[in-house]
Every structure is written in structure tokens, then in C-alpha cells.
Amino acid sequence: QVQLVESGGGLVQPGGSLRLSCAASGSIRSMSYMAWYRQAPGKQRELVALIFNSGSTQFGDSAKGRFTISRDNAKNTMYLQMNNLKPEDTAVYYCNVHHIPSSLRYWGQGTQVTVSS
């Protein structure tokens with residue numbers, strides 16, 4: 001019942017910044033958290049950051065100190081502010097909603113982030 005649409009990806013030079021958005025349609029149930037994952041070509045999908053309804057956050061090691069995750073519950077939108085981007089950040093970034101009680105997960109189609117000179 002939840003549809004997720006990512007936006008904000010693009011081409012950026014090393015050291016630059018991007019802000020990704022994830023807009024959710026439909027109701028996001030309570031006891032859910034939202035997260036950003038990414039997947040580079042030939043690599044497994046990895047967690048970038050997640051945020052709970054309380055506002056508590058967790059970050060993957062590569063994102064710590066550089067990325068910020070936030071959400072606007074009224075707008076059903078999640079954001080990922082990415083600063084000091086590096087070439088190794090190049091990947092498709094996916095939005096995810098995880099409903100904990102049922103273990104249901106919803107995924108967006110992804111948005112491409114390319115960090116290159």
C-alpha cells in the first residue's frame with residue numbers, strides 16, 4: 001500500500017553535496033522506520049542511514065560525519081543530505097520503509113548518484 005519515489009540524484013564533483021528526497025504515498029504505519037540504502041555496480045546493497053519515528057538515527061560507517069538523515073512525518077517525506085561526496089559514494093540510492101511488527105518492507109525504484117570529476 002506504500003509507494004516510495006526517490007529524487008534528487010545526479011552528477012556531482014568530489015567534495016560536493018546532494019540532497020535526496022523520498023516521497024511516500026499511502027499511509028506509513030506506526031512502528032516503522034525509514035532508511036536509505038545504496039548499491040554500486042557489482043556490489044551488494046548496503047545500509048546508508050535509517051531514522052525512526054522518534055527521530056533517532058543510525059548511520060553506516062561510510063556515512064558517519066558526512067551524511068544527515070531526516071524526515072517530515074506530516075509530508076511523508078524522508079531526506080538524505082550528503083556532504084563531502086566521494087567517488088566511492090557513486091551508487092543507486094534506494095528509499096526503504098520497514099514495518100517492524102509485520103516485517104513488511106517497501107522499496108523505491110532508486111535514484112542514481114554519480115560522484116566524478
Are [X] and [Y] close enough that some pair of their side-chain heavy atoms sits under 4.5 Å apart?
| X | Y | answer |
| --- | --- | --- |
| H98 | S32 | no |
| Y79 | L20 | no |
| K86 | P14 | no |
| M78 | W36 | yes |
| L18 | L85 | yes |
| R105 | N96 | yes |
| Q81 | S17 | yes |
| S117 | Q13 | no |

May I ask you to check whether over 12 heavy atoms, not counting those of [X], lie within 6.0 Å of atom [atom1]?
| X | atom1 | value |
| --- | --- | --- |
| Q112 | CD | yes |
| E46 | CD | yes |
| Q44 | CD | no |

How long is the span from the [atom1] atom in [X] to the [atom2] atom in [Y], to the nearest 0.5 Å?
| X | Y | atom1 | atom2 | value |
| --- | --- | --- | --- | --- |
| Y106 | Q3 | OH | CD | 12.0 Å |
| C95 | M34 | SG | CE | 4.0 Å |
| C22 | I69 | SG | CD1 | 9.5 Å |

Which atom names give the shortest non-hydrogen contact between [X] and [Y], and what distance separates them?
| X | Y | value |
| --- | --- | --- |
| L80 | A49 | CD1-CB, 4.4 Å |
| A24 | V2 | CB-CG1, 4.5 Å |
| R66 | S62 | NH2-O, 2.7 Å |
| K64 | F59 | CE-O, 3.4 Å |

### Test side-chain hydrogen bond (donor to acceptor under 3.5 Å, both in side chains) applied to R71 and N76, T57, N53, the passing residue
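Testing R71 for a side-chain hydrogen bond (donor to acceptor under 3.5 Å, both in side chains) against N76, T57, N53 leaves exactly one candidate, N53.
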
### Task
Identify which one of L47, T90, V113, D89 satisfies the side-chain contact (heavy atoms from CB on, under 4.5 Å) criterion when paired with R38.
D89

### Query
Is the distance between the ring centroids of Y33 and F52 under 6.0 Å?
yes

### Message
Ring centres under 6.0 Å, that's the criterion: do W107 and Y37 meet it?
### Response
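Close enough - the centres of the two rings lie under 6.0 Å apart.
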
### Query
Does any donor atom in the side chain of S116 or T114 lie under 3.5 Å from an acceptor atom in the other side chain?
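Short answer, no.
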
### Query
Hey, is the main chain of V92 close enough, under 3.5 Å, to the side chain of Q39 for a donor-acceptor pair?
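Checked: no pair found.
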
#### Entry: T77 side chain vs K75 backbone, donor-acceptor pair below 3.5 Å
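Between the backbone of K75 and the side chain of T77 there is a qualifying donor-acceptor contact (under 3.5 Å).
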
#### Entry: Joint cluster assignment, I51 & Y94, ILVMFWY side-chain distance < 4.5 Å
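No, separate clusters.
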
### Test log, rule side chain to side chain contact (heavy atoms under 4.5 Å, CB included), inputs V48 and F67
CA-CA 9 Å; V48 178; F67 295 179; 3.6 Å; yes

